[in-house]
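Here the structure comes first, spelled out in structure tokens, and everything after it is commentary.
Whatever order the structure lists ligands and atoms in, that order sets their numbers, starting from 1.
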Amino acid sequence: MNTSDLLQRPRRLRISPGVRAMVRETRVTAADLIYPIFVTHEPDVARPIESMPGIHQLSINRAVGEAGEAAGLGIPAVLLFGIPSTKDAFGSESYALDGVIQRAIREIKQQLPDLVVVTDVCLCGYTDHGHCGLLNGSSAELTKDGYSEGYVLNDETLEVLAKIAVSHAQAGADIVAPSGMIDGMVGAIRAGLDGAGLERVAILSYAIKYASAFYGPFREAAEGAPKHGDRRSHQMDPANTREALREAAFDVEEGADILMVKPALPYLDVIQQTRTQFPELPLAAYNVSGEYAMVKAAAANRWLDERSTVTEVLTAIKRAGADLIITYHAKEFATWLRS
Ligand code: PBG
């Protein structure tokens, strides 16, 4: 064959940065990102999280500063996680008026009224046993009677989740994000919010959350590791996708405003299928702590170029169908976009 007979030459559209930019199908902008922040009661500290370089547990004043920096970079929203001063079997600080998150929300909304505040609604950071709900027995009983895994009670936990969501919304949260994979959590929270006159507050549901090994660093950051057992009685088996669509369908029926798939990178197929099956709802994906830690560790060793790796990761997540990406890289990425 004579080479001049070639009719299809896709390389023509890759010939220069200008042409490549013209045909680029997916672009991640700062407006797509949500930045997670870990807040502690302790005054004026920034305690580094070893497994998440660049991320800290922050006192409330510093969390406000961090949120302000994110906003200044064009990031529209932060996602707050709290480290309580005391933990008990019932996770009581999670819905306390002067709980760490409630205080942080009030402070952030006062200083940065236009920044969207999203809050994680779960018990795991607040219970002394580290589980995402109330257990069928006190934590003391659990160790001596052989109930070593303690089952997370479902309907009893729903009442607490609704209380937490209402307390966050009353403090000023714009969006609440239940993350515990408790059956009926979206419906219970919607009813709780509406009953309290908070129908304006949206629910971003961690609709499809897998029992993932990639949450390891987060559990150091939020001090929320289960003291015994694991989360496989409520989080999903990484092997399943049909079940994922079922989970999402229930959350849509119960009134979720935004769906989420978590983690992101190992579940791009799930993101894509969720996007296709539920085209009418915004879809978020959580680029979790372990995904962040992998990139940071490889970059620190100069095994990967951080900027191009992060750009590729976030682009892939958006290309798969996510409208919003929760990522610890948010501030860095937004900074690179400006340079
Ligand atoms: C709480 C919660 C977890 C994460 C977000 N909310 C931990 C877990 O379920 O064990 C993980 C986030 C991350 O790894 O970045 N239920």
Atom 10 (O) of ligand 1: closest protein heavy atom, distance to 0.1 Å, is Arg219 NH2, 2.5 Å

Going by salt bridge (Lys or Arg N to Asp or Glu O under 4.0 Å), name the pairs with one or both residues in residues 267-293, residues two or more places apart or in two chains. Arg275-Asp323

I'd like to know if Asp98 pairs up with Arg103 as an ion pair, taking the criterion as any Lys NZ or Arg NE/NH1/NH2 lying under 4.0 Å from an Asp or Glu carboxylate oxygen. no

Around atom 9 (O) of ligand 1, find the nearest protein heavy atom and jot down its residue, atom name and distance. Lys209 NZ, 2.7 Å

Val121 and Leu123: same hydrophobic cluster, using ILVMFWY side-chain contacts below 4.5 Å? yes

Please state which protein non-hydrogen atom is closest to atom 4 (C) of ligand 1 and give its distance, to 0.1 Å? Lys262 NZ, 2.5 Å

Going by heavy atoms, is Cys124 under 4.0 Å from ligand 1? yes

So which bit of Ser289 gets within less than 4.0 Å of ligand 1, heavy atoms only: side chain, backbone, both or neither? both

For residues 253-263, which side-chain donor-acceptor pairs fall under 3.5 Å, sequence neighbours excluded?
from	atom 1	to	atom 2	distance (Å)
Glu254	OE1	Val186	N	3.3
Glu254	OE1	Gly187	N	2.8
Asp257	OD2	Ile203	N	2.8

Classify the ring geometry of Tyr286 against Phe81: parallel below 30°, tilted from 30° to 60°, perpendicular beyond 60°. tilted

Check ion pair Glu223-Lys87 (N to O, under 4.0 angstrom): no

Suppose I only count heavy atoms of Tyr286 and a 4.0 Å limit; which atoms of ligand 1 are within that range? 12 (C), 15 (O)

for atom 15 (O) of ligand 1, nearest protein heavy atom and its distance come out as Tyr328 OH, 2.6 Å

One thing to verify: whether Lys209 and Glu247 come together as a salt bridge, which I'm taking to mean a side-chain N less than 4.0 angstrom from a carboxylate O. no

Close approach of Glu291 to ligand 1, heavy atoms, under 4.0 angstrom: no

Is the closest heavy-atom distance from Tyr292 to ligand 1 below 4.0 Å? no

